[in-house]
Amino acid sequence: MKKFISFSIFAIFLAIGALSFSTTASAEELKMVGTISKIEMAADGKSAVAMLKDSKSGAEVPIFIADELTLDKFKDKRIVVDDEIRCRYDNESGKNLSKSFKKTAGC
């Protein structure tokens, strides 16, 4: 009888543990190095979309940028078309949201 109760309790905990694991909708972080082929600033200046040509595959990837530091670099012309960029971004609901957007060369 004790074995049956112990086994039943173990099975219940195992079932609860298996059901408690759920897949969360987390964004996939991707990295890319490429050259900028186009920069489109929003009219309000609070966001931008940069088209990066991936150096490995040659594919054009649009990156949505909303951080102030990168936007200031666009406005000051420190980052311009044809610059080589190292980018980390999240592929969140089909929108490539930039997490890091830096030039590969320089300090």
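Nearest approach of S37 to V81, heavy atoms of both residues: O-CG1, 3.7 Å. When all heavy atoms of N96 and P62 are compared, the closest pair comes out as ND2-O, 2.9 Å. When every heavy atom of S98 is checked against every heavy atom of I63, the shortest pair comes out as CB-CG2, 3.7 Å. Across all non-hydrogen atoms, the minimal contact from C87 to F101 is SG-CD1, 3.8 Å.
Put simply, CG on D67 and NZ on K99 are 12.0 Å apart, with the number rounded to the nearest 0.5 Å. Remark: L71 CG to S47 OG distance equals 7.0 Å, nearest 0.5 Å. Taken from NZ in K103 to CZ in R86, the straight-line distance is 14.0 Å, to the nearest 0.5 Å. The CD1 atom of I79 sits 10.5 Å away from atom NZ of K102, with the distance rounded to the nearest 0.5 Å.
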For a salt bridge (Lys or Arg N to Asp or Glu O under 4.0 Å) check, start with the C-alpha distance between K38 and E40, then their side-chain angles and the critical distance, and finish with the verdict. CA-CA 7 Å; K38 185 173 157 182; E40 293 180 10; 2.9 Å; yes
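Clustering of Ile, Leu, Val, Met, Phe, Trp and Tyr by side-chain heavy atoms under 4.5 Å joins F64 with V49, L97.
Residues M32 and Y89 form a side-chain contact, since some pair of their non-hydrogen atoms from C-beta on lies under 4.5 Å apart. The side-chain heavy atoms of K75 and M41, taken from C-beta on, include a pair separated by under 4.5 Å.
A continuous path of ILVMFWY side-chain contacts below 4.5 Å connects I65 to L30, so both sit in one hydrophobic cluster.
Enclosure of atom NZ in K53 is not indicated, since only 12 or fewer non-hydrogen atoms of other residues, nucleotides or ligands lie within 6.0 angstrom. When the shell of 6.0 Å around CZ of R78 is examined, it contains more than 12 heavy atoms from other residues, nucleotides or ligands.
Listed for the D76 side chain is no donor-acceptor partner under 3.5 Å among the backbone atoms of K73.
Among L52, T104, I85, the single residue meeting the side-chain contact (heavy atoms from CB on, under 4.5 Å) criterion with V33 is T104.
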